[in-house]
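Contents: one structure, followed by commentary.
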Amino acid sequence: MSKVIIVANLKSNIDENEAKNWLETFKKITELQLDLAQKEIIICPSFTQLFSFLSYFSSNNIMVKLGAQNISPYEEGAYTGEINAKQIKDFASFVLIGHSERRQNFNETEDMLIKKVAVALKYGVSPIFLVQGQEALVPQGVQIVAYEPVAAIGTGTPDTPENADAVAAVIKAKNNVQVLYGGSVTADNVKSFTAKANLDGVIVGGASLEAEELLKIIQNA
Ligand code: PGA
């Protein structure tokens, strides 16, 4: 059986002080009786926090992985303000690509997303490719897809586990990938998703901002 994947997408929220508190609370993960052979935990903080999260996790022996929330579609060069794959690979093993918030607010097109996936793969950073429906295109080389219906994001109204499972089945029939569900996942509902045959894990936004709640989600998943 493959591991249940739990991705925490902290989005654009916490400052340095809040990050410090978050990490101190999250450290309790080392006291939980978790079988990490069964669970793959991927934390995605802001770029400015990747280094401190990486240092904290390694110095406290916390066996989780890091993901970036975005990546430049370009390689290194004269692209002021961009963070490229060569830079990200030193901190993160994963990167979120195709989130609806980026498609909508930053006009990310399918072409741009394909470029982002290609540069991530070139530098050994695994893309977690987010789609909003079963018909979405999944670029070549992607191994993890996250299905996040826009109406479920941050609304407290998740998709039904049955529908998410059915969508995941369609995505899997077309692509050789693992599929996660995202959208208003909480400690109370996480198991209803991870128990489904076609769902390999979850991606958690709002609820992951409270480290205690994220720990419960990880336990219950
Ligand atoms: P949410 O966000 O858990 O706050 O709904 C999920 C996401 O956007 O990844």
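Residue numbers count from 1 along this sequence. In each ligand, atom 1 is the first atom listed, and ligand 1 is the first ligand listed. In this text the structure is predicted, and so the values were computed from the model without any measurement.
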Basic-acidic side-chain contact under 4.0 Å: Lys65, Glu40: yes
So Tyr123 and Asn84, side-chain hydrogen bond (donor to acceptor under 3.5 Å, both in side chains) or not? Walk me through it. CA-CA 10 Å; Tyr123 287 91; Asn84 67 57; over 6 Å; no
Between Asp165 and Tyr181, does any side-chain donor sit less than 3.5 Å from a side-chain acceptor? no
Just distance, no hydrogens or angles: give the donor-acceptor pairs under 3.5 Å from side chains in residues 46-57, sequence neighbours left out.
residue	atom	partner	partner atom	Å
Ser46	OG	Lys11	O	3.4
Gln49	NE2	Ile14	O	2.9
Ser52	OG	Gln49	O	3.2
Ser55	OG	Phe51	O	2.9

Val7 side chain reached by Ile43 side chain, heavy atoms, under 4.5 Å: no
Measure the spacing between CZ of Arg103 and CE of Met112 and express it to the nearest 0.5 Å. 11.5 Å
Per the under 4.0 Å non-hydrogen criterion, ligand 1 touches Asn9, Lys11, His99, Glu148, Ala152, Ile153, Gly154, Gly183, Ser184, Ile203, Val204, Gly205, Gly206
